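Read the structure below first, then the notes.
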Amino acid sequence: MGALKKLVARALQCCACCLSVLVCANAQSTRPPDRARTAKTLFAQSAIHILDREFQDPGISYLLFDAQTQTLLSSRWKDSARPIPLGSLVKPFTALAYAQAHNFVYPTHVCKGEASGCWRIHPHGELDIVTAVAVSCNSYFRALTASLRGEQLLLTTTAFGLDPPAAELTGVSLMGLGEQWAISPLHMARGYLELYRRREQPGVRELLKGMAESARRGTGAGVGRALQPTDALVKTGTAPCTHPHSAPADGFVVALVPANQPEILLMIRVHGVAGAKAAVTAGHMLQRMND
Ligand SMILES: [Zn+2]
């Protein structure tokens, strides 16, 4: 992590304590100004202002969280509490529900590309859960959700604060295909913060490793390339568009940065593109915040 980035990250981290300082202002009114804190706050403000100033494209929606305090720092996302389809962003949570029912053993699978129902024409070949998350292989997740029912996800969705799928829902809807399972973007962002918080729990390590791989060479490579040499944890998704001026699909990205002890979580939606392309936009945003 670069020195500036560290400062920005620490500044973002500082926001919550600054808020609490404001809340406690009456009790601490005689306290001398904390120059270090003031400087950090300026960095936090500058990161927030960059998002505000440079990314006003109405096709981009975003939520920016302090990953350590789970505080929402900045957002421009109309109706972010309203559940919408979020595509493959659900996959890690579906995988975890599967793992809980299978002694935390994830399957391996051979993807034959389009022929086995993948979004990719050419085969991904043999995959474990790490690679399946990294490349968001639909063939792998078709197999994983084939015998899964919505009711089996209830424990997981409750634990991670996600809107649950209908109990009778089965198959590909549970890997985020189509629009049957809608989740609030705010809940999804917090779900990923919770996933990182539970990084030591059974079944979670593989999923976070897959997200790190996604940023390096998977569907989230747009973030990884922009942030080099800093690593990130990324998951992408593509889902039916819910904007008033409808496009065939919207792209979604969740990025936790840096991968080792994330300081921020950025979740974005880009109108009319696939998730991998939205990752390029997310990478650009994160890079500007880091400059
Ligand atoms: Zn595949």
Side-chain angles (χ1 to χ4, degrees), residues 85-99 101-102 104-150 152-153 156 165 169-181 183 188 192 195 203-225 232-241 248-255 259 269-270 272-280 282-283:
L86 294 173
S88 297
L89 293 191
V90 304
K91 279 176 177 167
F93 304 99
T94 302
L96 196 55
Y98 173 94
H102 295 84
F104 296 100
V105 178
Y106 287 108
T108 56
H109 172 79
V110 179
C111 166
K112 295 173 181 155
E114 208 171 39
S116 60
C118 195
W119 58 265
R120 190 171 182 260
I121 297 170
H122 302 292
H124 280 123
E126 188 170 338
L127 304 152
D128 59 7
I129 183 67
V130 174
T131 313
V133 168
V135 299
S136 207
C137 176
N138 277 358
S139 180
Y140 181 98
F141 277 89
R142 270 177 199 275
L144 189 119
T145 55
S147 58
L148 213 55
R149 282 173 57 83
Q152 291 173 278
L153 268 72
T156 308
L169 214 59
T170 185
V172 294
S173 295
L174 299 178
M175 68 174 196
L177 212 65
E179 43 197 33
Q180 302 251 42
W181 182 10
I183 298 173
M188 183 56 89
Y192 274 92
L195 189 67
V204 177
R205 193 168 45 91
E206 296 91 327
L207 303 172
L208 295 176
K209 205 171 161 196
M211 289 175 66
E213 277 297 299
S214 173
R216 284 190 204 110
R217 54 185 72 92
T219 54
V223 171
R225 273 194 298 270
L233 302 174
V234 178
K235 187 71 198 80
T236 60
T238 310
C241 170
D250 288 340
F252 296 84
V253 185
V254 170
R269 169 179 64 181
V270 184
V273 305
K277 182 137 191 232
V280 176

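We count ligands from 1, going down the list as the structure has it; atoms in each ligand are counted the same way. Since we're looking at a predicted model, the values are computed, not measured.
Protein contacts to the Zn ion (ligand 1) involving N, O or S atoms at a distance below 2.8 Å are Cys111 SG, Cys118 SG, His124 ND1, Cys137 SG.
When the ring pair (Phe, Tyr, Trp, His ring centres under 6.0 Å) test is applied to His102, the partners found at least two apart in sequence or on another chain are Tyr98. In this structure Phe93 satisfies the ring pair (Phe, Tyr, Trp, His ring centres under 6.0 Å) test together with Phe160, Tyr192, sequence neighbours excluded.
Annotation: side chain of Val133 is in contact with side chain of Lys235 (closest heavy-atom distance under 4.5 Å). Between Met211 and Leu195 there is a side-chain heavy-atom pair separated by less than 4.5 Å.
Evaluation of the salt bridge (charged side-chain N to carboxylate O under 4.0 Å, His left out) test over residues 140-149, restricted to residues two or more places apart or in two chains, returns Arg149-Glu151.
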Criterion side-chain contact (heavy atoms from CB on, under 4.5 Å) on Ser139 and His124, from CA distance to verdict: CA-CA 9 Å; Ser139 180; His124 280 123; over 6 Å; no
